[in-house]
Colleague: 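Once you've had a glance at the structure underneath, I'll fire off some questions.
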Amino acid sequence: MSWINITSYLSRFKDFKPSRGLLKEEAAKNLSQIIGSEIKQEDVELRSGILYLKIKNPGLRTQVFMKKRAILDYLFTKMGKRAPQDLRF
């Protein structure tokens, strides 16, 4: 009897979605690990499955562009289905 109550209670959390700020923070942290240069959370925007970066440094932009596929694959392994599908500037 008590298992039924626990199951119905836990089913509420099945579709729990993290906040937008948490996703931005996770994306910025993982992106910084790949590139080797710090990316601030303010420079990352995640909208409709697309990761927008506000990077002014042309060298860093080129580096991100060259590693785009590796970045997206890494983010998918770390973030799962919440990972962005594309990366744009």
Colleague: Go through the structure and list residues passing side chain to side chain donor-acceptor pair (under 3.5 Å) with Gln33, not counting sequence neighbours.
Modeller: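 Gln33: side chain to side chain donor-acceptor pair (under 3.5 Å) contacts with Tyr74.
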Colleague: Is the side chain of Arg88 donor-acceptor paired with the backbone N or O of Tyr52 at a distance under 3.5 Å, no angle test?
Modeller: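 It does not hold such a pair.
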Colleague: Applying side chain to side chain donor-acceptor pair (under 3.5 Å), name anything that partners Asp43, two or more places apart in sequence or on another chain.
Modeller: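 Side chain to side chain donor-acceptor pair (under 3.5 Å) list for Asp43, sorted by chain: empty.
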Colleague: Could you go step by step and tell me if Val64 and Ile39 meet the side-chain contact (heavy atoms from CB on, under 4.5 Å) rule?
Modeller: CA-CA 11 Å; Val64 169; Ile39 304 292; 5.5 Å; no
Colleague: Linking I/L/V/M/F/W/Y whenever any side-chain heavy atoms sit under 4.5 Å apart, do Leu53 and Ile50 land together?
Modeller: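 No: no chain of side-chain contacts under 4.5 Å links Leu53 to Ile50.
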Colleague: With a 4.0 Å cut-off, would you call Arg82 and Glu26 a salt bridge?
Modeller: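 Salt bridge flag = yes for Glu26 with Arg82.
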Colleague: Is it true that a side-chain atom of Gln63 and a backbone atom of Ile35 form a donor plus acceptor pair closer than 3.5 Å?
Modeller: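 Confirmed, Gln63 side chain pairs with Ile35 backbone.
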Colleague: Tell me whether the count of non-hydrogen atoms from other residues, nucleotides or ligands lying under 6.0 Å of NZ in Lys29 goes above 12.
Modeller: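 Result for NZ/Lys29: open.
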Colleague: Are Leu51 and Phe76 co-members of a hydrophobic cluster defined by side-chain heavy atoms under 4.5 Å apart?
Modeller: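 No, it is not one cluster - the side chains of Phe76 and Leu51 are not joined through contacts under 4.5 Å.
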Colleague: Quick one: closest heavy-atom pair of Lys78 and Asn30, and the distance?
Modeller: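 The pair with the smallest heavy-atom distance is CB-ND2, 3.6 Å.
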Colleague: Verify the cluster assignment for Phe89 and Val44: are they in a single hydrophobic cluster under the rule of side-chain heavy atoms below 4.5 Å apart?
Modeller: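 Yes; tracing contacts between hydrophobic side chains, which count when under 4.5 Å, links both residues.
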Colleague: Indicate the atoms forming the closest heavy-atom contact of Ala83 with Leu75, along with that distance.
Modeller: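 Minimum heavy-atom contact is CB-O, 3.5 Å.
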Colleague: Only one of Lys67, Lys68, Arg69 forms a side chain to side chain contact (heavy atoms under 4.5 Å, CB included) with Leu87, so which one is it?
Modeller: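 Per the side chain to side chain contact (heavy atoms under 4.5 Å, CB included) rule, the option paired with Leu87 is Lys68, out of Lys67, Lys68, Arg69.
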Colleague: What pair of heavy atoms forms the shortest contact from Pro84 to Met79, and how long is it?
Modeller: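 Taking every non-hydrogen atom into account, CD-SD, 4.3 Å.
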Colleague: Taking only residues two or more places apart in sequence, or in another chain, which ones meet Lys40 in a side chain to side chain donor-acceptor pair (under 3.5 Å)?
Modeller: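 With sequence neighbours excluded, Lys40 shows a side chain to side chain donor-acceptor pair (under 3.5 Å) to no residue whatsoever.
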Colleague: At what distance, to the nearest 0.5 angstrom, does CG of Leu23 lie from CD of Glu45?
Modeller: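 Leu23 atom CG to Glu45 atom CD measures 11.0 Å (nearest 0.5 Å).
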